[in-house]
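Chain naming here is simple, since letters A, B, ... match the order of the sequence lines and numbering starts at 1 in each. From a predicted model like this one, the values you see are computed outputs, not experimental measurements.
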Protein chains: 2
Amino acid sequence: MYLDALKKTLKDKKYRMTPQRELVLKVFMDNEDEHLGAEDVYRILFSNKHSVSKATVYRTIELLVEFGFLRKLDFGEGIYRYELAKKNKQHHHFICKNCGKIYEIEEKHLKTLKRELKNQGFVFENFDFKIYGICPNCNKKTKKRKEKKK
Amino acid sequence: MYLDALKKTLKDKKYRMTPQRELVLKVFMDNEDEHLGAEDVYRILFSNKHSVSKATVYRTIELLVEFGFLRKLDFGEGIYRYELAKKNKQHHHFICKNCGKIYEIEEKHLKTLKRELKNQGFVFENFDFKIYGICPNCNKKTKKRKEKKK
DNA sequence: ATAAATGCAAAAGATTTGCCGCGGC
DNA sequence: GCCGCGGCAAATCTTTTGCATTTAT
C-alpha cells in the first residue's frame, strides 16, 4: 500500500511521517483517474475540512515526486499536474487540441501505437516525448561515489 | 525559408507581417540548437538593440506555435521553452536528472530506443510522452463542418 | 481608412521563500 | 534540546491583459 511505502521511505531518509503528508498522498489515491494540480489538491483538502496550508501542499508534492510516488505532468496549461506513479504500467497521454480532453494511452512501440490510434480515429499532429534519467556522464561519476555514500 | 512561409501563412489568415514577428522568428532560426524560453528571446533581442516589448514576444511566440512554426517544450522548470518545428524530423528529449543537460534523441520504436539508450549508458527512470492532436469525437464534428467553413 | 499589432504598465496566477513556533525523537 | 515540519504572509517569476497609440495593408 502506498501509505506504508511512504512511511518506510521517509524513515529510511530520516524524514518524518506527518498527517499532512498522509492527507496529500491520500488525495491522489482517492482520485487515481484524475490529473490533479497543486491547487486542486489544496482545494480538495480544504473543502473536506482538512486544513493543510498551500505551502505544505506544494512542499509535499515536491517530496512525493522526488521519491517517485508521483509523476509530474504538463499539458501546456501553465500549471503542473501530477498522477500516482504506478511503477509497473507506464502510459502516455493524448491531448485533444480541440476539446482538451486527455486520453490515456498504453505504452507500445511507437509504430504500433500510431497505427492503433489512427484506426481509432485519432489524428495526431505532434509528439512531445520526454525521458528522464541519468546521462552517461553523470552515471560514471555516480558509480565512483557509490561506495563512499550511504 | 521560414520567413517566406510565415509571410504566406499570415497573409492566408489575414494577419499582418511585422518587423517584430520577423525578429522573433529569426531568433529561433539563429539559435536552432537551443531551447529558448520567452524571456530568453526577449533578452536576446534586447541585447541586440532590437526593442520588441515583452508582451509582443509572448504574443508572437504563441502565434508561431499556433501556426506550427514552433514546438512548445517543457522540461519541468516552470517555464516553457520552444524550438523550431522542422516538420520532417521528429525528435525527443532526454533530460538528465542529475546535471539537467538535455540530449536530443531521434525518433525510433520505443523498444529500439530503449535498447540503444541503455547501450550508450543512459539510465532512464520515467517517460513523459505526449501526443497532441484531434480526438475521434472532435474529428467527427469537424468533418461535418468542413464544407461550410473556408 | 481601418482593423490589427505594439508597447507599457498593471494584473493575474502559480509556485517559492523567510521566519517563527510547535512537536516528535 | 535539536531539528524537521507546518502555517502564514510576503516575495518571486512567468505569462496575460487593458488600453492608448502606431502601423500595415
Side-chain angles (χ1 to χ4, degrees), chain A residues 3 6-27 35-46 48-67 69-82, chain B residues 3-4 6-27 35-67 69-82:
Chain A
L3 284 178
L6 179 57
K7 266 173 209 164
K8 187 179 176 322
T9 308
L10 289 171
K11 179 176 281 183
D12 286 356
K13 312 227 175 188
K14 307 268 184 279
Y15 288 101
R16 293 174 192 163
M17 182 50 146
T18 65
Q20 289 87 342
R21 287 175 178 171
E22 179 165 339
L23 283 168
V24 171
L25 180 52
K26 268 187 181 160
V27 169
H35 303 105
L36 303 174
E39 300 283 331
D40 295 326
V41 174
Y42 176 74
R43 262 177 248 122
I44 289 171
L45 286 170
F46 193 82
N48 286 12
K49 312 252 186 297
H50 293 116
S51 99
V52 178
S53 76
K54 232 174 234 194
T56 298
V57 170
Y58 276 93
R59 285 189 278 234
T60 302
I61 287 177
E62 192 188 3
L63 195 87
L64 293 174
V65 170
E66 199 182 312
F67 291 167
F69 287 85
L70 296 181
R71 187 175 293 131
K72 190 176 188 178
L73 306 173
D74 167 78
F75 299 119
E77 309 158 289
I79 64 168
Y80 288 108
R81 296 183 173 280
Y82 305 85
Chain B
L3 284 178
D4 295 331
L6 178 57
K7 267 175 208 163
K8 187 179 176 325
T9 308
L10 289 172
K11 180 176 280 183
D12 285 355
K13 312 225 177 190
K14 306 266 183 282
Y15 289 101
R16 293 173 190 167
M17 183 49 147
T18 65
Q20 290 87 341
R21 286 175 178 171
E22 180 165 339
L23 282 168
V24 171
L25 181 51
K26 271 187 179 159
V27 168
H35 301 105
L36 302 174
E39 300 283 332
D40 295 326
V41 174
Y42 176 73
R43 263 176 248 123
I44 289 171
L45 286 171
F46 192 81
S47 67
N48 286 10
K49 314 254 187 292
H50 292 117
S51 100
V52 178
S53 75
K54 232 174 235 197
T56 298
V57 169
Y58 276 93
R59 285 189 279 233
T60 302
I61 287 177
E62 191 188 4
L63 194 87
L64 293 174
V65 170
E66 199 182 312
F67 292 166
F69 287 86
L70 296 180
R71 187 175 294 130
K72 190 176 186 176
L73 306 172
D74 168 79
F75 298 118
E77 310 159 288
I79 65 168
Y80 286 108
R81 297 182 173 279
Y82 304 85

For atom CG of B:Asp12 and atom P of C:dA4, their distance in whole Å: 16 Å
For B:Arg81 and B:Ile79, what are the C-alpha separation, side-chain angles and deciding distance, and is it a side chain to side chain contact (heavy atoms under 4.5 Å, CB included)? CA-CA 7 Å; B:Arg81 297 182 173 279; B:Ile79 65 168; 3.7 Å; yes
Of the nucleotides D:dA24, D:dT15, C:dA14, which has the atom closest to the A:Ile79 side chain? C:dA14
What is the distance from atom CG of B:Leu23 to atom CG of B:Asn48, rounded to the nearest 0.5 Å? 9.5 Å
What string of B, S and - do you get for nucleotides 16-25 of chain C, 5' to 3', if B is base contact, S is sugar-phosphate-only contact and - is no contact with any protein heavy atom under 4.0 Å? BBB----BB-
Restricting to pairs with a member in residues 41-53 of chain B, which pass salt bridge (Lys or Arg N to Asp or Glu O under 4.0 Å), not counting sequence neighbours? B:Asp40-B:Arg43
Any residue in residues 19-26 of chain B with a heavy atom nearer than 4.0 angstrom to DNA chain C? Just list them by number, or reply none. B:Gln20, B:Arg21
Of B:Thr18 and B:Arg43, the one whose nearest nucleotide on DNA chain D sits closer to the 5' end is B:Arg43
Apply side chain to side chain donor-acceptor pair (under 3.5 Å) to A:Tyr80 and list each qualifying residue two or more places apart in sequence or on a separate chain. B:Asp74
Separation of D:dT12 C1' from B:Glu77 CD (nearest whole Å): 16 Å
Provide, to the nearest angstrom, the distance between the OH atom belonging to B:Tyr80 and the C1' atom belonging to C:dA14. 11 Å
Rounded interatomic separation in angstrom, taking CG from B:Asp40 and P from D:dC13: 15 Å
Work out how much the helix from C:dA1-D:dT25 to C:dC25-D:dG1 bends between its end axes, five pairs an end, to the nearest 10 degrees. 30°
Excluding sequence neighbours, so at least two apart, what forms side chain to side chain donor-acceptor pair (under 3.5 Å) with A:Asp12? A:Lys8
Let me confirm one number: the CZ-CG distance from B:Phe69 to B:Leu6, rounded to the nearest 0.5 Å. 5.0 Å
When rounded to whole Å, the CD to P distance for the pair B:Glu66 and D:dT16 reads 13 Å
Taken to the nearest whole Å, CD/B:Glu39 to P/D:dT12 is 16 Å
According to side chain to side chain contact (heavy atoms under 4.5 Å, CB included), who are the partners of A:Lys13, at least two apart in sequence or on a separate chain? A:Thr9, A:Tyr15, A:Phe67
Return the value, rounded to whole Å, for the distance between atom OH of B:Tyr42 and atom C1' of C:dT6. 13 Å
Residues in side chain to side chain contact (heavy atoms under 4.5 Å, CB included) with A:Lys7, at least two apart? A:Asp4, A:Met17
Residue list, side chain to side chain donor-acceptor pair (under 3.5 Å) with B:Arg21, at least two apart or on another chain: none
For A:Glu66, all residues meeting side chain to side chain contact (heavy atoms under 4.5 Å, CB included), sequence neighbours excluded: none
Taking for each residue the nucleotide of DNA chain D with the nearest heavy atom, is it A:Met17 or B:Tyr15 whose nucleotide lies nearer the 5' end? A:Met17
Counting only side-chain nitrogens and oxygens, does A:Thr56 get under 4.0 Å of the OP1 or OP2 atom of D:dG7? yes
Hits for side chain to side chain donor-acceptor pair (under 3.5 Å) against B:Lys26, two or more places apart or cross-chain, chain-then-number order -> B:Glu22
Please tabulate, for side-chain N and O atoms in residues 52-64 of chain B, each donor-acceptor pair with protein atoms closer than 3.5 Å (sequence neighbours left out).
from    : atom 1 : to      : atom 2 : distance (Å)
B:Ser53 : OG     : B:Thr56 : N      : 3.2
B:Ser53 : OG     : B:Thr56 : OG1    : 3.0
B:Lys54 : NZ     : B:Glu39 : OE1    : 3.1
B:Tyr58 : OH     : B:Glu39 : OE2    : 2.8
B:Thr60 : OG1    : B:Thr56 : O      : 2.7

If each of B:Lys14 and B:Val57 is mapped to the nucleotide of DNA chain C with the nearest heavy atom, which maps nearer the 5' terminus, i.e. the 5' end? B:Lys14
